[in-house]
Amino acid sequence: MPSLFAEQVYAELRKVPWGRVTTYKELARAVGTKAYRSIGQVMRANPFAPEVPCHRVVASDGSIGGFGGEWRRGKKIDDKVSLLAKEGVVVNDGRVVDFERVLFRFR
DNA sequence: CTCGTGACTTACG
DNA sequence: ACGTAAGCCACGA
């Protein structure tokens, strides 16, 4: 059972519209915390996979972060990034195309 | 309670 | 712009 912190993160992440992405920072702000790193841990746990699309979460600068770059080789992650690109969020060279355009801001 | 870890961010050289 | 260091918070042991 996920911790309360995780629940909040998942709740906010689930609000992200289709074809949009969000950042760890925004997500952290949404839940009212500054634990950006913990967000990552929650994503890694991701007990609510595809329901909670952790692949829609990217770094603050638009980079894929850890789940799409060199991190995926060796680990058994699904082709979430590729799937994401299929939904409209194009990822090129570890970067989200038109990042600011597809970025969903909570506030 | 203390310690180590981490899919992060920001600051500095 | 790039690599390194420090800061930050939550979680499991």
Side-chain angles (χ1 to χ4, degrees):
Chain A
M1 172 174 182
S3 61
L4 177 61
F5 174 70
E7 296 268 8
Q8 294 180 83
V9 176
Y10 298 137
E12 296 303 320
L13 180 55
R14 215 179 301 124
K15 293 178 188 171
V16 179
W18 184 91
R20 293 292 195 83
V21 296
T22 186
T23 68
Y24 294 96
K25 201 167 78 175
E26 289 295 315
L27 211 43
R29 182 187 299 222
V31 300
T33 182
K34 303 137 199 110
Y36 315 116
R37 311 194 101 188
S38 299
I39 303 288
Q41 282 185 66
V42 174
M43 293 300 111
R44 191 161 97 56
N46 190 20
F48 295 93
E51 203 215 41
V52 177
C54 48
H55 53 275
R56 280 188 193 158
V57 184
V58 299
S60 63
D61 61 348
S63 62
I64 287 303
F67 65 83
E70 308 183 11
W71 183 76
R72 80 149 117 153
R73 48 178 167 177
K75 320 290 189 188
K76 43 163 93 157
I77 228 180
D78 300 318
D79 301 59
K80 313 210 161 179
V81 180
S82 302
L83 191 61
L84 188 60
K86 221 173 184 189
E87 298 187 344
V89 182
V90 183
V91 179
N92 202 329
D93 193 39
R95 288 285 213 164
V96 177
V97 179
D98 296 320
F99 172 57
E100 307 234 347
R101 191 157 69 172
V102 297
L103 174 60
F104 175 78
R105 304 167 198 254
F106 292 94
R107 324 194 194 191

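Numbered from 1 within each chain, the chains take letters A, B, ... in sequence-line order.
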Nearest whole Å is fine: how far is [N] [atom2] from [X] [atom1]?
| X | N | atom1 | atom2 | result |
| --- | --- | --- | --- | --- |
| A/I39 | B/dG6 | CD1 | C1' | 12 Å |
| A/M43 | C/dC11 | CE | C1' | 14 Å |
| A/R29 | B/dT9 | CZ | P | 13 Å |
| A/K25 | C/dC8 | NZ | P | 16 Å |

Is [X] close enough to [N] that one of its side-chain N or O atoms is under 4.0 Å from OP1 or OP2 there?
| X | N | value |
| --- | --- | --- |
| A/K34 | B/dT10 | no |
| A/T33 | C/dC9 | no |
| A/S38 | C/dC11 | no |

Is A/R14 salt-bridged to A/E51, going by a charged N under 4.0 Å from an acidic O?
yes
Using heavy-atom distances to pick each residue's nearest nucleotide on DNA chain B, tell me which of A/Q41 and A/T23 is more 5'.
A/Q41
Identify whether any heavy atom of A/F5 sits under 4.0 Å from a base atom; if not, whether one sits that close to sugar-phosphate; answer base, sugar-phosphate or nothing.
sugar-phosphate
Dump the intermediate steps for side-chain contact (heavy atoms from CB on, under 4.5 Å) on A/F106 and A/V16, then the final yes or no.
CA-CA 9 Å; A/F106 292 94; A/V16 179; 4.1 Å; yes
Side chains of A/H55 and A/V89: closer than 4.5 Å at any heavy-atom pair?
no
